[in-house]
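Contents: one structure, followed by commentary.
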Amino acid sequence: MTPIEDAEIGSVVVVGTGLIGTSIALALRQRDVRVFLADRDAGAVRLARELGAGEDWTGEQRVDLAVIAVPPQFVAQQLLDLQKRDSARFYTDVASVKALPLAQAAQLGCDLSAYIAGHPLAGRERSGPAAARADLFLGRPWAYCPTDEASPRAVAAVERLISLCGGNAVRVDADEHDRAVAVVSHAPHVTAAAVAARLAEASETALGLSGQGVRDVTRIAASDPALWTGILEGNALPVAEVLEALVADLSAAARSLRALAGDGAAMEQVTDLLSRGVRGTGRIPGKHGGPARTYAVVQVLIGDRPGELARLVQAAGETGVNIEDIRLEHATGLELGAAELYVQPEAAGVLTDGLRERGWQVPG
């Protein structure tokens with residue numbers, strides 16, 4: 001039997017029924033995998049079960065794969081407990097840092113041949129099983145970090161899990177993973193929190209003038225602080241290095257702005273920072289993980305009423321134009337908003353004309 005054939009997953013236990021764990025369970029249930037659920041919080045298990053994520057795990061059923069969905073600092077001990085009970089053939093986790101759980105697992109004497117550290121890079125600003133979605137991982141990167149001790153069968157099992165959940169498997173070294181997520185996830189979260197913290201002290205006038213820009217920048221800052229404290233603690237040094245570089249840029253920009261009154265050339269550093277920001281944004285992978293594309297934006301006014309967005313999407317579909325992305329912006333104090341439809345540049349005119357013909361207000 002080849003490693004791939006031996007990696008077929010018929011049963012899984014998910015330990016930790018939060019957003020990620022429950023979403024994995026829901027995705028597996030759609031693929032007819034038998035899923036058992038476990039959590040220290042009986043209420044979370046009950047809610048996940050009611051959502052159709054699986055059935056209660058008594059600890060006696062042995063499964064093909066155990067998915068450990070607990071904070072990073074608890075992964076190794078949970079792995080050891082499961083392996084002592086021979087709960088599964090293979091084991092993985094979903095914590096957003098990888099070097100720490102692996103080092104702790106080695107110190108505890110866990111069987112690293114059966115354990116593959118993993119991290120699906122997907123999530124929401126909401127937490128808990130109620131926020132879970134079966135499609136959360138579709139097309140999303142899912143890092144996995146086999147050690148030299150890892151068996152080919154264990155690697156194949158985790159690759160199969162990622163495939164079943166619709167993720168995009170990315171094999172990476174644990175230390176490299178942690179440095180990477182410090183740049184693309186952990187430091188951005190701290191930065192968003194710092195911006196949002198300014199709003200806690202902002203005047204009512206400032207809040208009344210807030211628009212989509214500040215919502216975009218601060219959206220992720222609404223996530224659970226306790227969860228993120230554990231994540232940042234587990235990846236402290238790489239995150240600190242990114243934040244120190246960020247502070248250097250911001251400090252230089254602040255000095256330039258203070259000097260602006262007496263020296264117009266001082267804006268050069270600010271302009272350089274803004275330009276590097278544009279270049280950095282352009283490097284973020286686009287749809288389906290390919291190169292970022294530049295789309296045209298067709299803005300449509302919609303009423304803040306049930307069913308309006310669905311009607312708009314249907315009308316757009318009738319024009320034959322593929323919508324690449326949709327963003328909504330609400331008008332403060334009005335029962336009105338704007339939907340921004342992102343399309344291929346050559347399709348913008350067709351969509352604009354088609355929507356106007358169907359009675360929609362398309363400015364411009």
Side-chain angles (χ1 to χ4, degrees), residues 4-72 74-96 101 105 110-111 114-120 122-124 126-138 140 142 144 153-167 169 224 227:
I4 294 178
E5 291 171 338
D6 195 31
E8 285 303 316
I9 299 174
S11 58
V12 169
V13 60
V14 175
V15 181
T17 51
L19 167 65
I20 300 299
T22 304
S23 293
I24 289 174
L26 290 171
L28 293 176
R29 289 297 302 128
Q30 289 192 345
R31 302 299 295 271
D32 295 325
V33 176
R34 188 177 186 185
V35 179
F36 297 97
L37 305 170
D39 197 300
R40 295 176 59 184
D41 183 346
V45 173
R46 182 169 58 254
L47 178 54
R49 187 181 66 241
E50 291 173 353
L51 292 171
E55 56 192 285
D56 287 341
W57 188 57
T58 67
E60 298 177 358
Q61 306 96 329
R62 188 173 191 266
V63 296
D64 293 321
L65 178 68
V67 177
I68 302 170
V70 302
F74 303 122
V75 168
Q77 185 60 55
Q78 185 65 69
L79 174 63
L80 180 64
D81 294 343
L82 290 169
Q83 290 188 337
K84 282 182 175 179
R85 301 165 70 172
D86 193 27
S87 299
R89 292 195 298 150
F90 310 112
Y91 304 83
T92 189
D93 75 288
V94 297
S96 64
C110 296
D111 178 10
Y115 167 58
I116 308 297
H119 175 210
R124 305 177 67 185
R126 296 169 56 201
S127 59
R133 291 174 14 191
D135 63 353
L136 187 65
F137 311 105
L138 291 181
R140 301 296 302 164
W142 191 316
Y144 66 114
R153 293 186 302 163
V155 174
V158 172
E159 290 173 341
R160 179 60 176 158
L161 169 69
I162 297 171
S163 175
L164 287 170
C165 292
D224 181 9
L227 171 65

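Sequential numbering from 1 along the given sequence is applied to the chain's residues.
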I'd like to check Q30 versus L26 (side-chain heavy atoms, cut-off strictly below 4.5 Å). Are they in contact? no

Please name the residue in the list Q77, Q78, Q83 that meets the side chain to side chain donor-acceptor pair (under 3.5 Å) test with D81. Q77

Has the side chain of S23 got a donor or acceptor atom that lies under 3.5 Å from a matching backbone atom of R133? yes

Should D56 and V45 be marked as a side-chain contact (heavy atoms from CB on, under 4.5 Å) after you check the CA-CA gap, both sets of side-chain angles, and the distance that decides it? CA-CA 7 Å; D56 287 341; V45 173; 3.2 Å; yes

Which pair of non-hydrogen atoms, one from T22 and one from A53, has the smallest distance, and what is that distance? CG2-CB, 4.0 Å

Quick one: pull up SG in C110 and NZ in K84 and give me the separation to the nearest 0.5 Å. 9.0 Å

Nearest heavy-atom approach of L37 to A25 is CD2-CB, 3.9 Å

Looking only at non-hydrogen atoms, find the nearest pair between C165 and L28 and report the distance. SG-CD2, 4.1 Å

I'd like to know whether F137 forms a side-chain contact (heavy atoms from CB on, under 4.5 Å) with I24, so could you lay out the CA-CA distance, the side-chain angles of the two residues, the decisive distance to 0.1 Å, and finally the verdict. CA-CA 8 Å; F137 311 105; I24 289 174; 3.5 Å; yes

When you look at V12 and D64, which way does the side-chain contact (heavy atoms from CB on, under 4.5 Å) test go after all the steps? CA-CA 6 Å; V12 169; D64 293 321; 5.8 Å; no

Test: salt bridge (Lys or Arg N to Asp or Glu O under 4.0 Å). Region: residues 22-44. Which pairs qualify, not counting sequence neighbours? R34-E55

Under a 3.5 Å threshold, yes or no: a donor from one side chain and an acceptor from the other, between E159 and Y144? yes

How close do P120 and I20 get, counting heavy atoms only, and between which atoms? CG-CG2, 4.0 Å

Checking the side chain of S87 only, and the main-chain atoms of L82 only, is there a donor and an acceptor separated by less than 3.5 Å? yes

Rounded to the nearest 0.5 Å, what separates atom CG in L136 from atom CG in L19? 5.5 Å

Please list, chain by chain and in numerical order, all residues satisfying side-chain hydrogen bond (donor to acceptor under 3.5 Å, both in side chains) with R85, sequence neighbours excluded. none

I need the minimum non-hydrogen distance between H119 and V94, along with the two atoms involved. CD2-O, 3.8 Å

Gap between atom CZ of F36 and atom CZ of R49 - 0.5 Å precision: 13.5 Å

Identify the two heavy atoms, one from L161 and one from I9, that lie closest to each other, and give their separation to 0.1 Å. N-CD1, 3.7 Å

In the structure I gave you, are the side-chain heavy atoms of R89 and L65 within less than 4.5 Å of one another anywhere? no

D93 versus Y115, side-chain donor and acceptor atoms under 3.5 Å: yes

